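Just so we're on the same page: letters track the sequence lines, and every chain starts at 1. The shown structure was predicted, so the numbers you read here are calculated from the model rather than taken from an experiment.
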Protein chains: 2
Amino acid sequence: MRLPVERAMQVCPVEVAVSVLGGAWKLTLVKCLLERPHRFGELGRRVPLANTKTLTRQLRELEQDGIVLRKVFEQVPPKVEYSLTERGRSLAPLVALMNEWGAAFVETAQ
Amino acid sequence: MRLPVERAMQVCPVEVAVSVLGGAWKLTLVKCLLERPHRFGELGRRVPLANTKTLTRQLRELEQDGIVLRKVFEQVPPKVEYSLTERGRSLAPLVALMNEWGAAFVETAQ
DNA sequence: CAGAATCCAGGCCGATACTG
DNA sequence: CAGTATCGGCCTGGATTCTG
């Protein structure tokens, strides 16, 4: 278990969710993977503001937290496919709600 | 509109929600305020790992984003009451889902 | 193609002390 | 009571370059 998550546990389950999912682009990546599995480069194009390092880090953490599955195809050129675990798929309702709320927030933009 | 939110808008509504709600303790504060209005000190006791500076910052941002209402009572000793706006109350389903998901995450702790 | 390596900046959050 | 002031650390995220 990662340290920030440990801390969050002391306070509230809500905070656990935030510290697991709150990283930059994480939930957007999950949203993409809910559609279908993606390759690394595809995800990069879906989230154009994230560079490769950030992308890799977030995906690794999602993998470590049991949300994302990383499958390596041993071939040249290399191919890696990212997909969701069951726990990852359980985020579907949450992602839908956040998408809706975020859109409404922008809509009602001050 | 705050800068990180502007950036998030370029990518996905989900990312907007994350950048508005993802700060430390923010959603936990909203969860408390969904129960009833709280005074500053009360919130501090509900979120014991946040110090006064952090608490103030998060509450100010939530206020700026139209989620929290800050009401000052001109009296001695001072009294400030925090409550939710309509937009804040619209977070109820989201908070409930995240609470549930966070609890399940801890339950299934690796 | 899918990253790893390196370096760097900013801000995000925290501890502590002080104030009207 | 409800903050502000000051200082600082560190972690997050980013730009760029390099590699099997």
Participant: Measuring only between side-chain heavy atoms, which start at C-beta, is B:L33 closer than 4.5 Å to B:I67?
Facilitator: no

Participant: Could you go through nucleotides 18-20 of chain C and list every protein N or O atom that sits under 3.5 Å from one of its N or O atoms, giving the distance for each pair?
Facilitator:
none

Participant: Whole angstroms only, please: what is the CZ-C1' distance between A:F40 and C:dA2?
Facilitator: 6 Å

Participant: Give a yes or no on this: more than 12 heavy atoms of other residues, nucleotides or ligands lie within 6.0 Å of atom CD of A:E107.
Facilitator: no

Participant: Looking at DNA chain D, which of residues 14-24 of chain A put a heavy atom within less than 4.0 Å of it?
Facilitator: A:G23, A:A24

Participant: Give, for atom CG of A:L43 and atom CH2 of A:W25, the distance between the pair rounded to the nearest 0.5 Å.
Facilitator: 13.5 Å

Participant: Do B:V16 and B:M9 have side chains that approach each other closer than 4.5 Å (heavy atoms only, starting at C-beta)?
Facilitator: yes

Participant: Rounding to an integer number of Å, can you tell me how far B:W25 CH2 sits from C:dC12 P?
Facilitator: 16 Å

Participant: B:E42: what forms a side chain to side chain donor-acceptor pair (under 3.5 Å) with it, not counting sequence neighbours?
Facilitator: none

Participant: Would you classify A:T56 as touching base, sugar-phosphate or nothing, given that sugar-phosphate means primed atoms plus P, OP1 and OP2, and contacts are heavy atoms under 4.0 Å?
Facilitator: sugar-phosphate

Participant: Give the rounded distance in Å between these two atoms: CG of B:L55 and C1' of C:dA15.
Facilitator: 15 Å

Participant: Salt bridge check: are B:R87 and B:D65 linked by an N-O gap of less than 4.0 Å?
Facilitator: no

Participant: Are side-chain heavy atoms of A:T85 and A:V68 found at a separation under 4.5 Å?
Facilitator: no

Participant: Provide, to the nearest angstrom, the distance between the CG atom belonging to B:L29 and the P atom belonging to C:dC13.
Facilitator: 12 Å

Participant: Looking at B:T52, I'd like to know whether one of its side-chain N or O atoms comes within less than 4.0 Å of OP1 or OP2 on D:dG3.
Facilitator: no

Participant: Name the residue closer to the 5' end of DNA chain C, choosing between A:Y82 and A:R7 according to the nucleotide with the nearest heavy atom.
Facilitator: A:Y82

Participant: Taking OP1 and OP2 of C:dA4, is either one under 4.0 Å from a side-chain nitrogen or oxygen of A:R60?
Facilitator: yes

Participant: A quick test of your reading: do over 12 heavy atoms of other residues, nucleotides or ligands sit less than 6.0 Å from CD of B:E86?
Facilitator: no

Participant: Under 3.5 Å, is there a donor-acceptor pair between the side chain of B:K26 and the main chain of B:V20?
Facilitator: yes

Participant: Given C:dC13, C:dC1, C:dA4, identify the nucleotide with an atom nearest to the side chain of B:T54.
Facilitator: C:dC13

Participant: How is A:F73 classified with respect to the nucleic acid when contacts are heavy atoms under 4.0 Å: base, sugar-phosphate, or nothing?
Facilitator: nothing

Participant: Using 0.5 Å steps for rounding, measure from the CD atom of A:E61 to the CG atom of A:L29.
Facilitator: 11.5 Å

Participant: Distance check needed: C:dG3 C1' versus A:E63 CD, whole Å only.
Facilitator: 13 Å

Participant: Going by heavy atoms in the side chains, are A:C12 and B:K31 under 4.5 Å from each other?
Facilitator: yes

Participant: Pull out every residue in residues 32-39 of chain A that has a heavy atom closer than 4.0 Å to any atom of DNA chain C, ordered by number, or say none.
Facilitator: A:R39

Participant: Compare all side-chain heavy atoms of A:F105 with those of B:M1 and state whether any distance is below 4.5 angstrom.
Facilitator: yes

Participant: Are there more than 12 heavy atoms of other residues, nucleotides or ligands under 6.0 Å from atom CD of B:E35?
Facilitator: yes

Participant: Mind checking B:L49 for me? I need base, sugar-phosphate or nothing, with any heavy atom below 4.0 Å counting as a touch.
Facilitator: sugar-phosphate

Participant: Report the distance from atom NZ of B:K71 to atom P of D:dA2, rounded to the nearest whole Å.
Facilitator: 14 Å

Participant: Take the C1' atoms of the five end pairs on each side of the helix from C:dC1-D:dG20 to C:dG20-D:dC1, get both axes, and report the angle to 10 degrees.
Facilitator: 50°

Participant: Could you check if a side-chain atom of B:N51 sits within less than 4.5 angstrom of a side-chain atom of B:T54, using non-hydrogen atoms only?
Facilitator: yes

Participant: Between C:dG14, D:dA2, C:dA2, which one does the side chain of A:V80 approach most closely?
Facilitator: C:dA2

Participant: State, with a plain yes or no, whether a side-chain heavy atom of B:E15 is found less than 4.5 Å away from one of B:V18.
Facilitator: yes

Participant: Heavy atoms, side chains only, cut-off 4.5 Å: are A:R36 and A:H38 in contact?
Facilitator: yes

Participant: Specify the separation, in whole Å, of atom CD of B:E61 and atom C1' of C:dC12.
Facilitator: 10 Å

Participant: May I have the distance from A:E74 (atom CD) to C:dA2 (atom P), rounded to whole angstrom?
Facilitator: 13 Å

Participant: Might you list the N or O atoms of the protein lying below 3.5 Å from N or O atoms in nucleotides 7-11 of chain C, with each pair's distance?
Facilitator:
| from | atom 1 | to | atom 2 | distance (Å) |
| --- | --- | --- | --- | --- |
| C:dC7 | N4 | A:K53 | NZ | 3.1 |

Participant: Hey, does B:Q58 reach any base, or is it just sugar-phosphate, or nothing, if we go heavy atoms under 4.0 Å?
Facilitator: sugar-phosphate

Participant: Assess the residue pair A:L21 and A:L91 against the criterion (side-chain contact (heavy atoms from CB on, under 4.5 Å)); give the C-alpha distance rounded to whole Å, side-chain angles, the decisive distance to 0.1 Å, and a yes or no.
Facilitator: CA-CA 10 Å; A:L21 307 171; A:L91 285 169; 3.8 Å; yes

Participant: Let me spell it out: for each of A:A50 and B:R70, pick the nucleotide of DNA chain D with the closest heavy atom. Which residue's pick is nearer the 5' end?
Facilitator: B:R70

